[in-house]
Amino acid sequence: MMPSSVYESFFHTSPQALIIATPEGGIMQANQAACDLFGYTEASLQNLGSNYILESDEQSIRQLLNGGAPGRSVEVGATGIKKNGERFQVKIVSSAGRAQDGRELACLMLSPVPDRQSQEQKLKDLLEDTKQLHQKEEDSRRLLESAVNSVTDGFFITDKDWTIVFFNKAAEQILQRNERDIIGKNFWTTFPDMEILKEGVDYDTLVTKNKAIRFREFFPQYKVWADISVYPSDKNFFVYIKDVTEVRTLRILEKLEREVLEMNARPDSVLEDTLCFYLKQVEELHSGMICSVLRLAGNRLYNWASPSLPEAYYKAINGAQIGENTGSCGTAAYIREKVVVTDIATDPRWANYRELADMAGVKSCWSFPIIDSHNQVMGTFAIYYRKVKSPTKEEEYTLNRVKNLLTVIIENHLSVEAVKLTNRNYDMVARATNDAIWDWDLETGNVLRSGQGLEIFFGYDLKEAASEEGFWNKRVHPDDLQSLLDDQAKILADPSQLYWEDEYRFMKKDGQYAYVFDRGYIIRDENGIATRVLGATRDITERKKSEALLLELNTRLKQRADELAASNVELERFAYIASHDMQEPLRMITSFLQLFKKKYEDQIDETAEQYIHFAMDGADRMKKLIMDLLEYSRVGSNKDNFSEVDTNVLLKEVVNVFMGRIDEMKATVVVGDLPSVTANRIQIFQLFQNLLGNALKYHSGQSPLIEINGKEEATHYLFSVKDNGIGIKPIFFEKIFVLFQRLHHKNEYSGTGIGLSICKKIVERHGGKIWVESEPGKGSCFYFTISKSAADYR
């Protein structure tokens, strides 16, 4: 039998309203639920009694309080009255009992009974709550479905028979199937190529032991590497598919990049081998890809590495010029931008190379320019496919990484090549210029000598020079050392000086002294203090010998020139005196012959008269020859009389001299716009006079037409005198300018053969030259130049 304390505990903690009452209506006890129902405390209820809080007919109340027969209960309906006066329907179940002292008691259990209107409202509220709950469940389902579809990992659910019940968007993309086409279908039937997973993974653990499994697999039909996790439940399989293709590619690329950088860093590495290895590995990442790298040199492309292209193809494009519409690579290198040609057969940039593409079997080509840190194009990186194709996102990522690494290793290689070339050039220049290179650290006093100049030109080994303190100064000639040191110290102490140089004598290994020229560039700190000198020592012994010899020759030449000048003066004086003195006896001979002829004219016969004519004619020609010879000797005597000469005015004067002959011969003289020159006016007058006189003399019988022109050129003035005369054979072009050279008998054309010689001498005195262009019967054109530089005048 349970202790009374248990009943007491149950009575007071029961959520059901309980009251213990006497048959007279008094309330002995009321639990908390009853107090809450009516709004009173237990003490208040005990004071009030049941009649105050319950209202019903008298008989029902009597039955209620008597509790009915033992072992049975009485149920009646009544109206409850709350403390606030509110009335409500209540159902009361009463059972009879006795207290310990024997008194009869009734235990009342009260349950509020809602009215119909209240029940309908509560039903409505319940329906509304149910509807909202259903909507929330639907919203949650949609939210969950949206969340599952938004994740990048594939996710699908099957039942235990592998019937697909859910398939998210990522799974659709990875497995290339639409959810609406596969929901309700068996997974293995829908994806028969997946049957292999039953053999290759721990399928038994999943199905038999109902434990989760996880594995990584490559699916060639979907071109994807995936991490797959399968979680079983009582009714379903939950499958997660994570595409790790990019991650795996990234790791492969990173490993490959490390290998390539290590290869490139080796001292014996060959760039072409490194490039071929790299491109072959990249091709394995993307099935069907063919890679090529071309080098740009002189606006032409040359093959660097094309491991998978036919040899005939890359040989055919070797040396191709870059520019617009020169294939993918030629265009990319020219415009300095990526060029993607998805279909070679239709792209205009491949119009001139389609036959080559057909020969190689390639149908698409994408090319990236490889540009160095100085923004110069080094070459191109090209990708070919044997099908019409555009780059995928994954390929774009791979190719950009490859292009970046190619830029690094190629620029590094070219930089190393440039350094090696510079070193080779430096060494060759040192050899070619007879230089011994040195680097003097002024702070430590150490001198570092490099190259082979010291040994080649002075006989000393570099190690020998480095091991001996004061090596260089000990071998400077004693007479030159102090001056060398003083000048050196003075220059180094002056912050404004950047170079030191000196000439002195230096003893070679064989004991002979060589003349050397030493020159160094001075490096100074921020305070102008010299800290280092870089320089070169040159053996100038041969130059010194040449200078001494040249000085001796110049002395001799000056002496000889003075002698020639004195001789020329004497010759000019002799020519003048001789010509003057020779004219006197010629005048006497001519005079006496004229007197003889006049006095004995009636006594001499025809033969004697002819003899007298010959003698007088000979004397006259001798006089002309002497006068021309005198004029020729005078050309160089007034060489310092140079001034500004307006040749337009001068030609008018020359034409006026010949005006009588011009009118007589009905000749035409056309003078163009001539430039002004700095010259000896008398000699230029004589020059034009001789040329114009010859043009009038050597006419062909028709009216002479003479054209005189001139123009200014870069270093000289060019003049021409053209006629329509008899012309000259080419074999005589040089002969006509030689003294006393005549091409015709004196009976045909008069003259002594000195005129053109005088012209040549005048032109040469003015730093120019004279020549003729002619053809017999078609006239002649004489050209001559006059230098603009007074230094050319003689």
Q: Using modelled atom types and a 3.5 Å cut-off, is there a donor and acceptor pairing between side-chain atoms of Ser787 and backbone atoms of Gly767?
A: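 A pair under 3.5 Å: no.
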
Q: Less than 4.0 Å between a side-chain N and a carboxylate O, is that true for Glu775 and Lys729?
A: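 Result for this pair is no, no salt bridge flagged.
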
Q: Ignoring hydrogens and angles, state whether a donor on the side chain of Arg336 or Asn375 is under 3.5 Å from an acceptor on the partner side chain.
A: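 The criterion, which ignores hydrogens and geometry beyond distance, is satisfied for Asn375 and Arg336.
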
Q: Can any side-chain N or O of Lys666 pair as donor or acceptor with the backbone N or O of Gln702 at less than 3.5 Å?
A: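 No, because the side chain of Lys666 does not come within donor-acceptor range (under 3.5 Å) of the backbone of Gln702.
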
Q: Please indicate whether Glu734 has more than 12 foreign heavy atoms, meaning atoms of other residues, nucleotides or ligands, lying under 6.0 Å from its CD.
A: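 No, not enclosed.
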
Q: So, applying ring-ring contact (aromatic ring centres under 6.0 Å, His included) with Phe458, which one of Phe506, Tyr515, Tyr513 is it?
A: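 Single pass found, and it is Phe506.
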
Q: With sequence neighbours excluded, give me every ring-ring contact (aromatic ring centres under 6.0 Å, His included) pair touching residues 662-693.
A: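 Every pair satisfying ring-ring contact (aromatic ring centres under 6.0 Å, His included) with a residue in residues 662-693: Phe688-Phe719, Phe688-Phe784.
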
Q: Please determine which of Ile335, Leu301, Leu294 meets the side-chain contact (heavy atoms from CB on, under 4.5 Å) test together with Ile322.
A: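 It is Leu301, the one option of Ile335, Leu301, Leu294 that forms the side-chain contact (heavy atoms from CB on, under 4.5 Å) with Ile322.
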
Q: Set out, in order, the CA-CA distance, both residues' side-chain angles and the distance that settles side chain to side chain donor-acceptor pair (under 3.5 Å) for Gln482 and Asp486, then state yes or no.
A: CA-CA 6 Å; Gln482 193 57 49; Asp486 291 344; 2.9 Å; yes

Q: Within 45 degrees of the axis of the six-membered ring of Trp472 and under 6.0 Å from its centre: does Lys474 put its NZ or CZ there?
A: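 Judged by the rule (NZ or CZ under 6.0 Å from the ring centre, within 45° of its axis), Lys474 is not positioned above Trp472.
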
Q: For atom CZ of Arg519, decide whether the heavy atoms of other residues, nucleotides or ligands shown that lie under 6.0 angstrom number more than 12.
A: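 More than 12 within 6.0 Å, yes.
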
Q: For the pair Arg449 and Tyr460, evaluate side chain to side chain donor-acceptor pair (under 3.5 Å) and give the outcome as yes or no after the intermediate values.
A: CA-CA 11 Å; Arg449 305 184 189 279; Tyr460 296 104; over 6 Å; no

Q: Hey, mind stepping through Asp518 and Trp500 against side chain to side chain donor-acceptor pair (under 3.5 Å) and telling me if it holds?
A: CA-CA 8 Å; Asp518 228 349; Trp500 164 80; over 6 Å; no

Q: Would you confirm whether Thr326, through its side chain, and Gly323, through its main-chain N or O, come within 3.5 Å as a donor-acceptor pair?
A: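 Looks like yes, one N/O pair under 3.5 Å.
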
Q: Does Lys544 pair with Glu503 as a salt bridge, N-O distance under 4.0 Å?
A: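 Yes, Lys544 and Glu503 are salt-bridged.
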
Q: Determine, for Glu547 against Lys545, whether the closest basic-nitrogen to carboxylate-oxygen distance falls under 4.0 angstrom.
A: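 Salt bridge: no.
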
Q: My understanding is that only one of Val654, Ile758, Val721 makes a side-chain contact (heavy atoms from CB on, under 4.5 Å) with Asn690; could you say which?
A: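 It is Ile758, the one option of Val654, Ile758, Val721 that forms the side-chain contact (heavy atoms from CB on, under 4.5 Å) with Asn690.
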
Q: Check for me whether the distance between the ring centres of Tyr521 and Tyr499 falls short of 6.0 Å.
A: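 So the answer is yes for these two rings.
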
